[in-house]
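Quick caveat, the model's predicted, so the values are computed rather than measured.
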Amino acid sequence: MKTIEQLKQEVAATKLPQETKDLFYKVLDTADISTLSEKDQLRYESDLKNYMDTMSCIEFATIKGREEGLAEGHEKGLAEGKSSATIEIAKSMKAEGMTIAMISRFTGLSAEEIETL
């Protein structure tokens with residue numbers, strides 16, 4: 001079983017708000033696990049395990065969310081970059097006097113989109 005100091009170090013290492021950490025510290029300061037009955041010690045250990053499992057799930061979800069957000073942002077950025085490049089190419093083609101039909105065929109832009117450039 002972990003000591004009170006080890007538990008405090010684990011709480012300190014979490015990303016919990018400081019007021020939540022302070023609450024845990026207070027509980028740990030007033031709790032003396034060795035004086036608990038065997039039944040209460042088992043309950044305490046079960047509650048502690050549930051807490052640690054919950055914190056692990058939160059950390060995993062945070063990491064997973066960041067990864068998904070970065071991937072989504074990357075894809076969106078690439079699409080916007082391609083769209084921007086296509087528009088610039090179409091503008092250049094239009095400036096060179098190419099027909100709207102030809103510009104549309106090469107860029108995939110609609111005639112309406114090309115006319116507004």
TODO: Return the minimal non-hydrogen interatomic distance between L28 and V11, and the atom names on each side.
DONE: CD1-CG2, 4.4 Å
Task: L42 reachable from L7 in the ILVMFWY side-chain graph, under 4.5 Å edges - done: no
- [ ] Give the C-alpha distance, both sets of side-chain angles, the deciding distance and a yes or no for side-chain contact (heavy atoms from CB on, under 4.5 Å) between I103 and L109.
- [x] CA-CA 8 Å; I103 297 170; L109 295 174; 5.5 Å; no
Open item on the list: With a 4.5 Å cut-off on side-chain heavy-atom distances among I, L, V, M, F, W and Y, is there a chain of contacts connecting I58 to L23?
Closed with: no
Task: Any donor-acceptor pair under 3.5 Å from K94 side chain to I114 backbone - done: yes
TODO: First locate atom CD1 of I100, then atom OG of S110, and finally report the distance between them rounded to the nearest 0.5 Å.
DONE: 10.0 Å
Task: Approximate separation, where rounding is to 0.5 Å, of C57 SG and K64 NZ - done: 14.0 Å
TODO: Any chance you could measure T86, atom OG1, to E113, atom CD, to the nearest 0.5 Å?
DONE: 10.0 Å
Task: ring-ring contact (aromatic ring centres under 6.0 Å, His included): pairs with one or both residues in residues 57-115, sequence neighbours excluded - done: none
Task: Worked check of side-chain contact (heavy atoms from CB on, under 4.5 Å) between F24 and L16 - done: CA-CA 10 Å; F24 274 104; L16 291 170; 4.0 Å; yes
Open item on the list: Test: side chain to side chain donor-acceptor pair (under 3.5 Å). Region: residues 49-59. Which pairs qualify, not counting sequence neighbours?
Closed with: K49-D53
Open item on the list: As an exercise, state the distance from CD of E68 to CG of L70, rounded to the nearest 0.5 Å.
Closed with: 10.5 Å
Open item on the list: For residues 14-24, which residue pairs pass the side chain to side chain donor-acceptor pair (under 3.5 Å) check, not counting sequence neighbours?
Closed with: Q18-D22
Task: Nearest non-hydrogen partners of L117 and A90, listed with the distance - done: CD1-CB, 3.5 Å
Open item on the list: Measuring from atom OG1 of T107 to atom CE of M102, what distance do you get when rounded to the nearest 0.5 angstrom?
Closed with: 12.0 Å
